[in-house]
Amino acid sequence: MTSIGTGYDLSNSVFSPDGRNFQVEYAVKAVENGGTAIGIRCKDGVVLAVEKIITSKLLKPGSNKRIATVDRHVGIVSAGLVPDGRHFVSRARDEASSWRGVYKGPIPISALSNRLGSYVQAYTLYSSVRPFGVTAIVGGWDSEAELAVDGQVGSGPKSGSGGKVEGAKTGGPGLYMIEPSGLYWGYYGAATGKGRQAAKAELEKLDLSSGTLSLVDGVKEAARIIYVAHEDSKDKEFELEMTWISSLDGPTKGRHEEVPKDLLEEAERAAKRALEGEDEEEDATKGNSNETERMEE
Amino acid sequence: MNHFPEAWGRPRDDVYGAYNPLYLQTTGPKAHTQSPAVTGTSVVAVKFNGGVAIAADNLASYGSLARFTDVKRLRKFGESAIVGFSGDVSDMQYIDRLLESIDIRENYSTNGNTLNAKNLHTYLSKVLYKRRSEFNPLWNHILVAGFDEDKKPFLSSADLLGTTFSAPHLATGFGAHLAIPILRRLFPEETPLESISKDEAVAALRECIKVLWYRDARSLDKYSLAVVTEAGIEIQEDQQVEAQSWAFAEAIKGYGAQVN
């Protein structure tokens with residue numbers, strides 16, 4: 001059943017007779033035109049990367065960041081309508097701050113994603129609003145060490161368990177993707193935006209579920225995947241923006257930061273080399289086939 | 001005695017008559033904090049060539065009771081500022097959470113937290129002044145140590161009234177009476193900052209903390225010491241007053257073991 005002319009796509013929160021919400025599906029279309037954004041959950045951290053299409057030569061290179069920090073340990077990147085993404089990030093920051101107000105500590109990535117999922121879903125329920133035109137990837141690191149409570153001044157009694165469980169394993173990387181419908185899943189590798197199909201194919205090759213990919217390798221893979229995903233819209237120039245969150249003993253100490261310039265440039269060079277390599281291989285195989293054709297002649 | 005537990009231990013109605021609820025004030029002006037509850041004592045700080053040193057003991061007193069003995073009253077802000085708190089500990093925790101939220105917000109920009117100690121002091125003094133103007137003061141006297149916008153060592157104080165004061169060496173609480181004279185003798189007025197080394201500043205602070213431990217009844221011999229320099233913050237939170245000598249106490253009437 002098509003949405004055209006049926007009238008079921010004119011208002012938000014209205015189902016069509018076969019159970020679809022067309023406004024949400026149109027929001028997904030908006031996302032599909034955005035620059036590719038990906039996230040990779042590595043064993044010791046999370047990488048976020050986005051293909052930032054340059055819309056004007058008058059924009060300052062490196063400005064207008066598309067990946068935002070929430071609290072200290074979370075990064076959010078989105079594909080789709082940029083202002084919707086900004087508002088989404090603003091809400092995420094409010095949620096993280098209110099969590100601190102109640103629990104005196106950083107919000108777990110799972111809890112933040114849950115709250116954001118609920119928030120986005122609420123925008124599919126009312127005719128007075130439209131759904132979010134973004135699919136957002138939320139990546140972060142939950143501290144594996146026991147953190148001090150915000151404002152804690154002492155270390156408490158030296159004897160007794162204090163209600164603690166010995167040897168409990170906590171913390172680790174978290175990666176979630178939230179869609180315009182409010183649907184969210186946790187992922188090993190997530191991709192959205194224009195080049196998502198190519199990016200997903202590349203992510204699947206990485207065998208992320210085995211939990212062996214290191215963060216630094218993840219950075220290089222992320223850069224390569226964005227370059228691969230850009231192949232289909234080669235006529236447009238783009239900037240690669242990349243951030244990461246490592247474990248507490250890693251390079252960012254559990255914080256969400258930009259990937260350092262030298263590592264980013266190294267990853268970009270490697271990505272370009274990998275692409276050129278592929279082209280040469282293709283040319284080589286073509287050449288061979290030509291030869292065989294000729295031999296047949 | 002009856003079998004109602006809420007009546008046990010109370011004046012008996014058959015002897016004293018029923019309690020007159022008019023004595024319970026149910027209306028009246030709204031009252032805010034009129035005195036601190038759990039308190040920290042002095043904070044001492046000295047500027048030196050290339051930085052600031054600051055020290056405070058690890059005690060939180062409940063009235064005259066030495067209640068908490070591992071309290072960290074020197075709090076880091078960003079990579080190059082320290083706030084030393086004396087006064088109410090719960091108000092300190094409130095301000096600490098406030099600073100935490102500011103640090104988080106500052107880090108949202110790509111440049112990171114660019115607020116220096118001077119910005120921080122300005123902000124805190126305004127928070128304190130606003131609260132005292134609402135007749136609901138944050139019961140603290142704070143020292144802010146770090147650098148100003150010209151990367152010069154910065155040290156300034158703000159109290160629960162919002163009063164600010166700056167000097168090459170500062171102390172709050174009892175330290176204002178006991179430590180400042182020592183620091184003035186060691187580093188007289190007009191001493192150029194360039195002539196004071198980090199080691200001299202730290203040694204002076206250790207001496208001040210020792211004297212405060214001798215003479216301030218709300219102090220402790222375990223203390224924290226932080227040094228802010230261009231290179232960052234070094235903070236030691238498990239310092240002990242060394243080489244104590246209580247010989248001077250023998251001759252003082254009413255001091256220590258001597259009762260009469």
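To find a chain, count down the sequence lines: A is the first, B the second, and so on, and within it residues start at 1.
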Fill in: Largest heavy-atom contact set with chain B, pairs under 4.5 Å, which of A/Gln152, A/Arg255, A/Arg93
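If we count pairs closer than 4.5 Å to chain B, A/Arg93 comes out on top.
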
Discussion item. Whether B/Glu100 and A/Lys104 form a salt bridge (side-chain N of Lys/Arg under 4.0 Å from carboxylate O of Asp/Glu) is what I want to check.
Written reply: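 B/Glu100 and A/Lys104: not salt-bridged.
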
Please say whether more than 12 non-hydrogen atoms of neighbouring residues, nucleotides or ligands are located less than 6.0 Å from [atom1] in [X].
X: B/Glu79; atom1: CD; answer: no
X: A/Glu237; atom1: CD; answer: no
X: B/His177; atom1: NE2; answer: no
X: B/Glu134; atom1: CD; answer: yes

Less than 4.5 Å to any heavy atom of chain A: does that hold for the side chain of [X], its backbone, both, or neither?
X: B/Tyr108; value: both
X: B/Arg75; value: side chain
X: B/Asp70; value: both

Worksheet item: When rounded to the nearest 0.5 angstrom, what distance separates CG in B/Asn107 from CG in A/Asp71?
Response: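 Separation between the atoms: 10.0 Å.
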
Item to complete: May I ask you to name which of B/Ile95, B/Asp103, B/Leu99, B/Leu98 has the most heavy-atom pairs under 4.5 Å with chain A?
Response: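 Ranked by heavy-atom pairs under 4.5 Å with chain A, first place is B/Asp103.
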
Worksheet entry | Partner chain A: residue of B/Gln93, B/Lys72, B/Arg97 with the largest heavy-atom pair count (under 4.5 Å) |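 The residue among B/Gln93, B/Lys72, B/Arg97 with the greatest pair count is B/Arg97.
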
Worksheet item: By a 4.5 Å heavy-atom criterion (distance strictly below it), what part of A/Ser155 contacts chain B: side chain, backbone, both, or neither?
Response: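 Both parts, backbone and side chain.
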
Item to complete: Please name all residues satisfying side-chain hydrogen bond (donor to acceptor under 3.5 Å, both in side chains) with A/Ser247, sequence neighbours left out, ordered by chain then number.
Response: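 So A/Ser247 forms a side-chain hydrogen bond (donor to acceptor under 3.5 Å, both in side chains) with A/Asp249.
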
